[in-house]
Amino acid sequence: MVADSPFVSDVPAHQALDAWRDACAGAGCPQRVDAVRVPVGDAVGRVTAEPVWARRSSPAFDSAGMDGIAVRAADTVGATETAPVLLTDFAVVDTGDPLPGGYDAVVMREHVHRVGDAAEVRAAVPPYQHVRSIGEDVSASELLLPAGHRLRPVDVAAAAAAGVVELSVRRAPVVVIVPTGDEIRPIGTEPGPGEILDTNSLMLAAQARELGCTARVTPIVADDPARITEATRKAAAEADLVVLIAGSSAGRDDYTARVVAGAGTLAVHGVAVRPGHPVVLGAVDATPVLGAPGYPVSAALTFEIFAAPLLAGLEGAAPRERPVTTARLARKLASNIGMDDWVRVRLGRVGGEIVATPLPRGAGVLTSLVRADGLLVVPAGLEGHHAGERVRVELLRGLGEIGRTIVAIGSHDLVLDVAASALRADDPLITLAGSNVGSLGGLVALRDGLCHLAGSHLLDPATGEYTLPYVEKVLGGEEVAVVRLVHRDQGLIVAPGNPLGLTGIEGLTRVRYVNRQRGAGTRVLLDHELSRSGIDPADVDGYAREEHTHLAVAAAVAAGRADAGLGILAAAKAFGLDFVPVAREPYDLVLRAETVDDPLLAPLWDLLARPAFQGEVEALGGYGCTEMGRRIR
């Protein structure tokens with residue numbers, strides 16, 4: 001801890017929000033933003049500041065509800081198919097026309113038979129059939145909308161129909177975002193070593209605008225308490241909420257908490273939420289201040305957890321809530337006791353149930369929010385959930401879209417990423433959602449009914465066969481289909497020019513290695529090759545260092561954090577690295593036999609049969625598609 005840094009505590013989220021509201025009230029922060037009058041057509045998305053009363057009835061007169069003829073209902077009494085009534089006293093009307101005086105019903109044009117100048121009616125009609133009575137929609141002086149109502153297109157249409165031309169609404173709250181940090185650089189510049197682009201400001205401003213706020217981002221402020229204080233006060237003078245980005249933890253350059261404490265009121269520093277633990281909540285110059293952590297996922301979630309309800313309160317409206325569903329967890333999910341754990345998940349419908357697959361949980365893994373279909377909150381009192389357990393998930397996508405999602409769990413391969421993009425291009429409603437847990441983990445998920453497809457390339461050292469022996473071991477006597485996706489080249493990914501002169505697995509005892517996770521087919525291949533070479537895994541520096549994808553292995557080598565890692569040629573090419581071939585292997589898709597003809601999977605089989613798609617895959621490098629789509633079991 002820095003000597004004069006306020007202590008980071010673990011306040012439960014709901015208590016932290018209450019403490020922040022109390023501190024804002026004590027600091028003189030306005031309870032509501034100002035009310036303004038706007039034309040009814042400009043009010044969508046705003047919140048009513050006072051009740052809206054109807055100024056006139058709608059409709060303002062009795063009117064025809066259908067095209068046809070206006071009649072007196074009493075004149076049609078006794079009319080039947082066999083004994084029709086011939087009317088000479090009627091009026092032709094169109095939908096919306098005022099009902100002529102003396103008439104009290106409308107007969108649809110399709111039910112009227114003209115006989116010269118008369119109208120033949122073959123069924124009696126009751127009074128006020130197909131008549132919209134005065135005030136049917138709303139009566140003059142009736143309450144149309146309460147205060148605190150967020151206006152929708154139908155609301156402003158109803159208000160206009162009721163004679164309202166202007167509405168008193170809360171103005172849009174103003175959010176000013178202040179990025180801080182010596183290492184932060186504006187978007188559009190080329191960051192150097194140790195520098196970070198200011199994507200958080202872009203994201204938080206968009207989140208604020210999505211809530212209907214006006215958002216502005218200040219220039220980046222250096223890690224200097226005096227400058228941050230000055231920028232905060234300046235922002236507070238024009239904002240309803242100030243968001244300070246980064247500097248909220250307890251490192252050497254983390255000044256947010258002490259700036260808020262020195263310039264105003266510090267309510268909370270540290271909440272029992274992960275990610276987002278070091279958030280700062282307070283007020284400066286009668287303006288609420290949120291200190292958002294610098295990690296992007298933490299920043300996004302703390303804005304949602306704390307800023308969103310505060311901003312809704314400033315408008316006098318209820319916070320927006322997402323729909324929720326119950327889902328089965330695709331794999332075990334561990335969580336730390338004492339903190340609400342916000343986990344991003346992908347969702348799909350498998351066997352009639354929604355299945356949730358956790359995404360990477362790091363606070364800096366912004367793509368986990370990009371790919372997320374839902375948010376699962378593990379309460380502070382739980383250590384997590386077991387695979388297959390049913391959990392509550394907040395939806396980020398509609399259930400209809402989720403129902404069109406192909407869930408693939410297992411080994412990582414770039415072909416699945418290319419297929420996901422191609423399927424979406426063909427049909428925006430189709431999603432191929434992959435989760436990289438290794439080949440063995442994919443087969444287990446398939447066994448437990450938690451995915452549609454399991455990607456596998458597991459080598460059985462005893463037989464030299466791929467995948468099929470493991471299908472027997474894991475899925476037993478179940479009816480399972482295996483579809484060949486590709487053959488691919490596996491090898492050592494090394495720096496350009498192969499500076500350490502690696503020629504094969506035997507050279508791994510003299511380099512820094514980066515491995516794949518347990519259960520991954522690539523890990524099984526490595527162990528087999530080490531055994532064949534008589535190498536003890538303990539003699540490989542970095543054997544215990546694990547990554548979950550081929551691209552992550554390549555990234556580690558490209559960054560110089562490792563000298564070599566076993567992976568596919570396409571991953572090496574993606575990073576401009578060299579490649580030392582080790583094996584050519586098949587990569588297969590495993591699924592339950594009864595689902596092969598499932599309409600959900602039909603677009604995938606169609607895609608795999610296309611020569612153009614096969615050519616796109618082969619262009620990645622190291623892939624052979626001669627058997628793509630062939631069912632081998």
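Reckoned from all heavy atoms, side chains included, excluding hydrogens, waters and symmetry mates. What you see is a predicted model; the values in this text were computed from it and never measured.
Using a 4.5 Å cut-off on side-chain heavy atoms (C-beta onward), V268 and F306 make no contact. Using a 4.5 Å heavy-atom threshold, the side chains of I406 and L601 count as touching. Counting only heavy atoms from C-beta outward, the side chains of P358 and V343 approach each other to under 4.5 Å. Under the 4.5 Å side-chain criterion, counting only non-hydrogen atoms from C-beta, L395 is not in contact with R322. A heavy-atom distance below 4.5 Å is not found between the side chains of V553 and L566. Residues R328 and L450 form a side-chain contact, since some pair of their non-hydrogen atoms from C-beta on lies under 4.5 Å apart. Side chains of Q490 and E529 form no contact here, defined as non-hydrogen atoms less than 4.5 Å apart. Looking at heavy atoms from C-beta onward, L301 lies in side-chain contact with P275 at the 4.5 angstrom threshold.
Side chain of Q614 to main chain of L608: a donor-acceptor pair is present (N/O by atom type, distance under 3.5 Å, no hydrogens or angles). A donor-acceptor pair is defined here as one N or O able to donate and one able to accept, closer than 3.5 Å; such a pair exists between the side chain of T180 and the backbone of I245. Of the possible donor and acceptor atoms, none in the side chain of S533 sits under 3.5 Å from a partner among the backbone N and O of L530. Of the possible donor and acceptor atoms, none in the side chain of Y466 sits under 3.5 Å from a partner among the backbone N and O of S456. Remark: side-chain polar atoms of D223 are paired, donor with acceptor, to backbone N or O of D182 under 3.5 angstrom. Of the possible polar contacts, one joining the N200 side chain to the G294 backbone as a donor-acceptor pair under 3.5 Å is found. In terms of modelled atom types and a separation under 3.5 Å, the side chain of S411 and the main chain of G455 share no donor-acceptor contact. Checking side-chain atoms of W342 against main-chain N and O of V297 turns up no donor-acceptor pair under 3.5 Å. A donor-acceptor contact shorter than 3.5 Å links the side chain of R346 to the backbone of R371. A distance-only check finds a donor-acceptor pair linking the side chain of R424 to the backbone of I430 [under 3.5 Å].
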Exercise for review: Please step through side-chain hydrogen bond (donor to acceptor under 3.5 Å, both in side chains) for the pair Y543 and D536, ending with a clear verdict.
Suggested key: CA-CA 10 Å; Y543 180 86; D536 186 339; over 6 Å; no
Point to revise | V271 and T302: CA distance, side-chain angles, deciding distance, side chain to side chain contact (heavy atoms under 4.5 Å, CB included) verdict | key: CA-CA 10 Å; V271 293; T302 53; 5.7 Å; no
Check your understanding: Can L375 and R344 be said to form a side chain to side chain contact (heavy atoms under 4.5 Å, CB included), step by step?
Key -> CA-CA 5 Å; L375 293 171; R344 288 77 72 196; 3.8 Å; yes
Point to revise | Trace of the side chain to side chain contact (heavy atoms under 4.5 Å, CB included) decision for L414 with H550 | key: CA-CA 8 Å; L414 293 178; H550 294 279; 5.9 Å; no
Point to revise | Residue pair E401, R404: steps toward the salt bridge (charged side-chain N to carboxylate O under 4.0 Å, His left out) verdict | key: CA-CA 5 Å; E401 293 179 81; R404 297 288 303 278; over 6 Å; no
Exercise for review: Applying salt bridge (charged side-chain N to carboxylate O under 4.0 Å, His left out), run through R592 and E478 and close with a yes or a no.
Suggested key: CA-CA 8 Å; R592 294 185 180 277; E478 296 188 38; 2.2 Å; yes
**Study point:** side chain to side chain contact (heavy atoms under 4.5 Å, CB included) assessment of F613 paired with V415
**Key:** CA-CA 10 Å; F613 177 73; V415 175; 4.3 Å; yes
Practice item. May I have the step-by-step check of side-chain hydrogen bond (donor to acceptor under 3.5 Å, both in side chains) for R516 and H412, ending in yes or no? Key: CA-CA 10 Å; R516 290 293 303 282; H412 170 251; 5.4 Å; no
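How far OG1 of T463 is from CG of L468: 9.0 Å, rounded to the nearest 0.5 Å. To the nearest 0.5 Å, the span separating OH on Y587 from CD1 on I568 amounts to 9.0 Å. Taking CZ of R349 as the start and NE2 of H452 as the end, the distance is 9.5 Å to the nearest 0.5 Å. Taken from CG in D417 to CG in L551, the straight-line distance is 7.0 Å, to the nearest 0.5 Å. Note: S531 OG to I505 CD1 = 12.0 Å, rounded to the nearest 0.5 Å. Taking CG of L485 as the start and CE of M628 as the end, the distance is 5.0 Å to the nearest 0.5 Å.
Applying side-chain contact (heavy atoms from CB on, under 4.5 Å) to L347 and the options T357, T431, D373, V355 leaves one that passes, D373. Between Y470 and the options V590, D460, L459, L475, a side-chain contact (heavy atoms from CB on, under 4.5 Å) holds for only D460. Screening E383, H385, R274 against V378 for a side-chain contact (heavy atoms from CB on, under 4.5 Å) leaves a single residue, H385.
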If you look only at distance, which donor and acceptor atoms sit under 3.5 Å apart when one is on a side chain in residues 569-580 and the other is two or more places apart or in another chain?
unit_1, atom_1, unit_2, atom_2, d
D578, OD2, G497, N, 2.7
D578, OD2, N498, N, 3.4

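The two residues A356 and V393 make their nearest non-hydrogen contact at CB-CG2, 4.5 Å. In terms of heavy atoms, L492 sits closest to G504 at CD1-O, 3.5 Å. Residues I220 and G181 come closest through the heavy atom pair CG2-O, 3.8 Å. Heavy-atom minimum distance, T189 versus P186: OG1-O, 2.7 Å. Of all non-hydrogen atoms in A564 and L502, the two that sit nearest each other are CB-CD1, 3.8 Å. Taking both residues in full, the closest heavy atoms of L432 and A408 are given as CD1-CB, 4.1 Å, listed atom of the first, atom of the second, then distance.
Sorted by first and then second residue, the salt bridge (Lys or Arg N to Asp or Glu O under 4.0 Å) pairs involving residues 604-618 (not counting sequence neighbours) are D426-R610, D606-R610.
Sparse packing is recorded around CZ of R518, with 12 or fewer heavy atoms of other residues, nucleotides or ligands lying under 6.0 Å away. Around the CD atom of E594, the shell of radius 6.0 Å holds more than 12 heavy atoms that belong to other residues, nucleotides or ligands. The number of heavy atoms from other shown groups lying within 6.0 Å of NZ (K332) does not exceed 12.
A donor-acceptor pair shorter than 3.5 Å cannot be found between the side chains of R633 and T467.
A salt bridge links D563 and R512; the closest N-O separation between the charged side-chain nitrogens and carboxylate oxygens is under 4.0 Å.
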